[in-house]
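Whatever order the structure lists them in is the order used to number ligands and atoms, beginning at 1. What you see below is based on every heavy atom in this structure, not just the backbone, and it leaves out hydrogens, waters and symmetry mates. No experiment lies behind these values; they were computed from the predicted model shown.
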Amino acid sequence: MKKELVVGLLVVTVLTGCSAQAEQDEVIETLHVKWDNPIEAGKYLVTITGCNDCHTDGYLMMGGQVPEEDWLMGSAVGWRGPWGTTYPTNLRLRVQEWDEETWVKTLKNRKALPPMPWMNVNRMSEEDMRAIYVYIKSLGPKGEHVPLAISPELEPQTPYLSLFPQNMPVATSQK
Ligand code: HEC
């Protein structure tokens, strides 16, 4: 694995009248990993951006000690919270079903249920989204599809983690 993966900053055209926040957003979305091999870049990105934390069964609990061949197969352990219960998708199968453009469009635009961090992934540069796609595809299809998300009033029939806020200070919970 090549070590010198460096982040390149492209010149940003700052439109007059942009707020400081908008300028900041524009800078963030022009940053990306420079690579000789998109598969290595994708592996690096998957590792540091936390996709395995949820999309690889056991990864969080075992301190990442899951062989790469079992990465990103999704999980039938639900994440239950005020939004209902969601199951991290099997991305090894999903990249077989979606072409690269669908992958990029979804990562860029989707606003959906927690705990998938859409607000972060939406701001990833297109180059990095493509490298992740190519990497996951290189792992090949493996595993089963996970259960569909269920609504808050339904009791999950699978194992799940509870993410209901507990003992929150009043000031925080009122925000
Ligand atoms: C904190 C947990 C968590 C992390 C971290 C996470 N995901 Fe997810 N992801 C989920 C869950 C749960 C779902 C299913 C959400 C739903 O049912 O609406 C999901 C859904 C998705 C989907 C939609 C798949 C489909 O078929 O609709 C994609 C694509 C995806 N994640 C990619 C990623 C990538 C790439 C990363 C790393 C940059 C990542 N996720 C990090 C939990 C997570």
Open item on the list: Looking at E97, I'd like to know if its CD atom is crowded, meaning that more than 12 non-hydrogen atoms belonging to other residues, nucleotides or ligands lie closer than 6.0 Å.
Closed with: yes

Task: Worked check of side chain to side chain contact (heavy atoms under 4.5 Å, CB included) between N52 and V66 - done: CA-CA 9 Å; N52 280 314; V66 177; over 6 Å; no

- [ ] Please report which non-hydrogen protein atom sits nearest to atom 17 (O) of ligand 1, along with the residue it belongs to and the distance in Å to one decimal place.
- [x] T86 CG2, 3.6 Å

- [ ] Give me the protein N, O or S atoms that fall under 2.8 Å of atom 8 (Fe) of ligand 1, sorted by chain and residue number.
- [x] H55 NE2, M116 SD

- [ ] Could you find the nearest protein heavy atom to atom 22 (C) of ligand 1 and give me its residue, atom name and distance?
- [x] W118 CH2, 3.6 Å

Open item on the list: Is it true that, when you exclude L148 itself, more than 12 heavy atoms of the residues, nucleotides or ligands shown sit nearer than 6.0 Å to its CG?
Closed with: no

Task: Point-to-point distance, once rounded to the nearest 0.5 Å, from SG of C51 to CD1 of I132 - done: 5.0 Å

- [ ] Might you point out which heavy atoms bring K142 and N90 nearest each other, and give the distance in Å?
- [x] O-ND2, 3.0 Å

- [ ] Please check if the side chain of W118 supplies one atom and the backbone of R110 the other of a donor-acceptor pair under 3.5 Å.
- [x] no

Open item on the list: Is it the case that atom NZ in K105 sees more than 12 heavy atoms from other parts of the structure closer than 6.0 Å?
Closed with: no

Open item on the list: Starting from atom 18 (O) of ligand 1, what is the nearest protein heavy atom, named by residue and atom, and what distance separates them?
Closed with: L113 CB, 3.9 Å

Open item on the list: Give me the nearest non-hydrogen protein atom to atom 14 (C) of ligand 1 as residue plus atom name, then the distance to 0.1 Å.
Closed with: Y87 O, 3.4 Å

Task: Minimum non-hydrogen distance to atom 26 (O) of ligand 1, winning option of M129, E97, R110, R94 - done: R94

Open item on the list: Tell me every residue that passes ring-ring contact (aromatic ring centres under 6.0 Å, His included) with Y133, counting only those two or more places apart in sequence or in another chain.
Closed with: W103

TODO: Considering only non-hydrogen protein atoms, determine which one is nearest to atom 5 (C) of ligand 1 and report residue, atom name and distance to 0.1 Å.
DONE: G50 O, 3.3 Å

Task: Contact (N/O only, under 3.5 Å) between W103 and ligand 1 - done: no

Open item on the list: Applying a heavy-atom cut-off of 4.0 Å, say which part of L107 lies close to ligand 1: side chain, backbone, both or neither.
Closed with: side chain

Open item on the list: Taking 4.0 Å as the limit for heavy-atom contacts, which would you say applies to W98 with ligand 1: side chain only, backbone only, both, or neither?
Closed with: side chain

Task: T85 side, atom OG1; L113 side, atom CG - distance, nearest 0.5 Å - done: 10.5 Å

Open item on the list: Can you tell me if T49 contacts ligand 1 (heavy atom of the residue under 4.0 Å from the ligand)?
Closed with: yes

Open item on the list: Using only atom types and a distance under 3.5 Å, with no angle test, would you say the side chain of R130 pairs donor to acceptor with the backbone of V104?
Closed with: no

